[in-house]
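Report on the structure given below.
As the structure is a prediction and not an experimental result, all values here were calculated from the model. The analysis underlying the following values was restricted to heavy atoms, covering all of them including side chains, and did not include hydrogens, waters or symmetry mates. Just so we're on the same page: letters track the sequence lines, and every chain starts at 1.
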2 protein chains.
Amino acid sequence: MDKRIVRIKDIAEKADVSAGTVDRVLHNRGRVAEDVKERILTIIKEMKYEPNYSARALGSNKAYTIGALIPDYTYDPYWFDPKNGIDKAEKDLKQYGITVNQYQFIPDNRESFIEKAEEVTELRPDGIVLAPIFYKETLPFLEKWKKLKIPFVTFNTQIEDVKSLSYIGQDSYQSGFLAAKLFHYGHPESCSVLLAHIDEDISNSAHLLKKEQGFRSYFEQNNLIDQYTIRRVELQRRDYLAFMKQLDNIVEDNPDLKCIYVTTSKGYEIAAYLEQRNIEGIKVIGYDLVPKNIYYINQGIISFVINQHPRGQGYRSVHQLSDHLVFKKKVPPIKYLPLDIITKENLSYYLNEV
Amino acid sequence: MDKRIVRIKDIAEKADVSAGTVDRVLHNRGRVAEDVKERILTIIKEMKYEPNYSARALGSNKAYTIGALIPDYTYDPYWFDPKNGIDKAEKDLKQYGITVNQYQFIPDNRESFIEKAEEVTELRPDGIVLAPIFYKETLPFLEKWKKLKIPFVTFNTQIEDVKSLSYIGQDSYQSGFLAAKLFHYGHPESCSVLLAHIDEDISNSAHLLKKEQGFRSYFEQNNLIDQYTIRRVELQRRDYLAFMKQLDNIVEDNPDLKCIYVTTSKGYEIAAYLEQRNIEGIKVIGYDLVPKNIYYINQGIISFVINQHPRGQGYRSVHQLSDHLVFKKKVPPIKYLPLDIITKENLSYYLNEV
DNA sequence: TTGTAAGCGTTATCAA
DNA sequence: TTGATAACGCTTACAA
């Protein structure tokens, strides 16, 4: 009943060798006779040895450096939570010798990304976590890190061409599909809906297109294409007047417009427009619990937001990397986080979640 | 830049005492002069000492026993996930010397609960986690454990009369409120909705009443009481014919019935009824991702389910207790888990989540 | 190719 | 009231 824990020493005794030898086979450090290795390996299996990570961390007084390459949240509040999750993970893992060096680039500035990416490479960390929001610019670095044998974990944006150790994020296609369902459930009668991409370079953002595909697929799969009209627009908030004008036109041209689906976290820009123009019959479905979205959810202008677990993305990315680096566990190549549906009535429980 | 970690030894040197003395201060073990204690305490603050939990676990070769008092999932599948979470937590915490002894009682059998509760008490564990689904029967045990100074964490069902170390679960009132919103969003026009309590002894289940209150409050707070009719029923599935008959009557009497809100995880019973009777215009809103609910969500008969994070409840309860027991952290008295909204389109991501 | 011994930060025992 | 010292399980020089 009271199962004593199995130590390296126990294995060593049973195999009639010393702890050092067992350690060497455990870590494949070589320098051990083949037959002895076999013997030890079977005993390890037999006794169901499980390493004690506390002792391991203590014993090997090793330090691991992780580089984090993420957008600067002072330019876009969406990135506050991922950074926060990374901070939290670093705190948790500090006692295992993990240090995270963060490199923050400007979210809509490719040069800034490249510059920071070069700095991380320069650092030669034991691993890298990154939010690869610039597709083209990211690829060469991934190749380089592969050559340098630096493992990397991507999050938020999925890059399928180069195999990363792990991707943490959401399934964009399915999130668009879900958004369509939320729209449809609340609007059983014929009407039109606007799909809006805001403030992103579509050509370099595959995930926005996947959201759009998912959104459209819902209508196709449920035979709703005759019943609903889907309008589509790409907007830039920088030119305020043009932004307003475009929306004015759309609203005017589509008197039966009931809902606007925003594929980025900028739903609040649309909500602000609706509030300013005093339009009540149109509701927004968007992404992410950034402060301004929270405000408009409480106002009832944004009906739903799909949450991308931003904090959890940062947190888990770092953990994934240390599971690989220090705990030598095998990590799953893809971890899709849940698509949380947030509305006014369950909003509060998602603030401060990991 | 390269911040050396602060050790007990460092503090000892600075305070001109030995490590043993610092340790005594750190753990309030007494036997240290008042002025020395003060001095050490300020140095600890100054140097921002953080204990190394790995070393602590290794050093104090202490074993902790936790008793878990939970319903047997073979009688009610809802309890599979909490048990699973407890198992996972035990695995994670094994290396810190934690062992969990589980005592499973029969979900609708008070004697069974009492019997198992006595067994846990007998065990004299270092802490207890429990799902106190029988209100009256639970109270005396909580009092007893208080006297015995055994800390306990409750989950799933909130008991407000006796202060537990921590409660992990959901806000029942708010979940009812949210359910009402989900109903309302999908049914903009006047109609009626049925609130059904299934298979529970209401008088002993405060949380079901809270759900009901929350549900009703939504209509009051949004001035919708004139627009919608709320019917209410308590059902027992045991007498199959009576169960069907009651539902038949309700459906007959309320031709404008569009939705049934089930306050327990037994939504599938209603869904099965609707399926059998071939009724299409009525949808179900319920709780929990038990297999049969999953089936009817995919069928489209259950439109939404509010998820209570069952696995997370078990997982976190055990963690909460060990945070207190072994890591000596202070733990929050209440942790409300998010009210996840699950529908066909985001269902899959919630299976196997912690 | 193998074994030995010191050390990681903390706790616990015991002597002073 | 204090301090020294031996554990805890694992890693890692270094010696054999």
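- For A/Ser166 (side chain) and A/Pro332 (main-chain N/O), a donor-acceptor pair under 3.5 Å exists by modelled atom type.
- Going from atom CG of B/Asp10 over to atom P of C/dC8 covers 11 Å, rounded to whole Å.
- Residues that satisfy the side-chain contact (heavy atoms from CB on, under 4.5 Å) test with B/Lys91, not counting sequence neighbours, are absent from this structure.
- Taking the side chain to side chain donor-acceptor pair (under 3.5 Å) definition, one finds that A/Tyr96 meets it with B/Tyr96, sequence neighbours left out.
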Considering only distance and modelled atom types, tabulate donor-acceptor pairs under 3.5 Å from the side chains of residues 38-51 of chain A, sequence neighbours left out.
| from | atom 1 | to | atom 2 | distance (Å) |
| --- | --- | --- | --- | --- |
| A/Arg39 | NH1 | A/Ala15 | O | 2.4 |
| A/Thr42 | OG1 | A/Glu38 | O | 3.2 |
| A/Thr42 | OG1 | A/Arg39 | O | 2.7 |

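- Residues satisfying the side-chain contact (heavy atoms from CB on, under 4.5 Å) test with A/Ala63, not counting sequence neighbours, are none.
- The salt bridge (Lys or Arg N to Asp or Glu O under 4.0 Å) check on A/Asp87 picks up A/Lys83, with sequence neighbours excluded.
- Scanning for side-chain contact (heavy atoms from CB on, under 4.5 Å) contacts around A/Lys163 gives A/Lys146, with sequence neighbours left out.
- Looking at A/Gln313, its side chain never comes within 3.5 Å of a backbone N or O of A/Gly169 through a donor-acceptor pair.
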Evaluate side chain to side chain donor-acceptor pair (under 3.5 Å) for A/Tyr315 paired with A/Asp92, printing each intermediate quantity in order. CA-CA 10 Å; A/Tyr315 183 77; A/Asp92 284 5; 2.7 Å; yes

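- Comparing the end axes of the helix from C/dT1-D/dA16 to C/dA16-D/dT1, each fitted to five base pairs by superposing C1' atoms of four pairs onto the next four, gives an inter-axis angle of 40° (nearest 10 degrees).
- When atom types are taken as modelled, the side chain of A/Asp126 and the backbone of A/Thr65 share a donor-acceptor pair closer than 3.5 angstrom.
- Against DNA chain D, the stretch residues 38-47 of chain A makes no heavy-atom approach under 4.0 Å.
- Identified under the salt bridge (charged side-chain N to carboxylate O under 4.0 Å, His left out) test for residues 19-30 of chain A, with sequence neighbours left out: A/Asp23-A/Arg29.
- Applying the side-chain hydrogen bond (donor to acceptor under 3.5 Å, both in side chains) test to every pair with at least one member in residues 5-17 of chain B, sequence neighbours left out, gives these pairs: B/Arg7-B/Asp10.
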B/S/- along nucleotides 9-16 of chain C (protein heavy atoms under 4.0 Å) is BBSS----

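- The span of DNA chain D lying next to chain A, judged by atoms under 4.0 Å from heavy atoms, is bounded 5' to 3' by D/dG9 to D/dT12.
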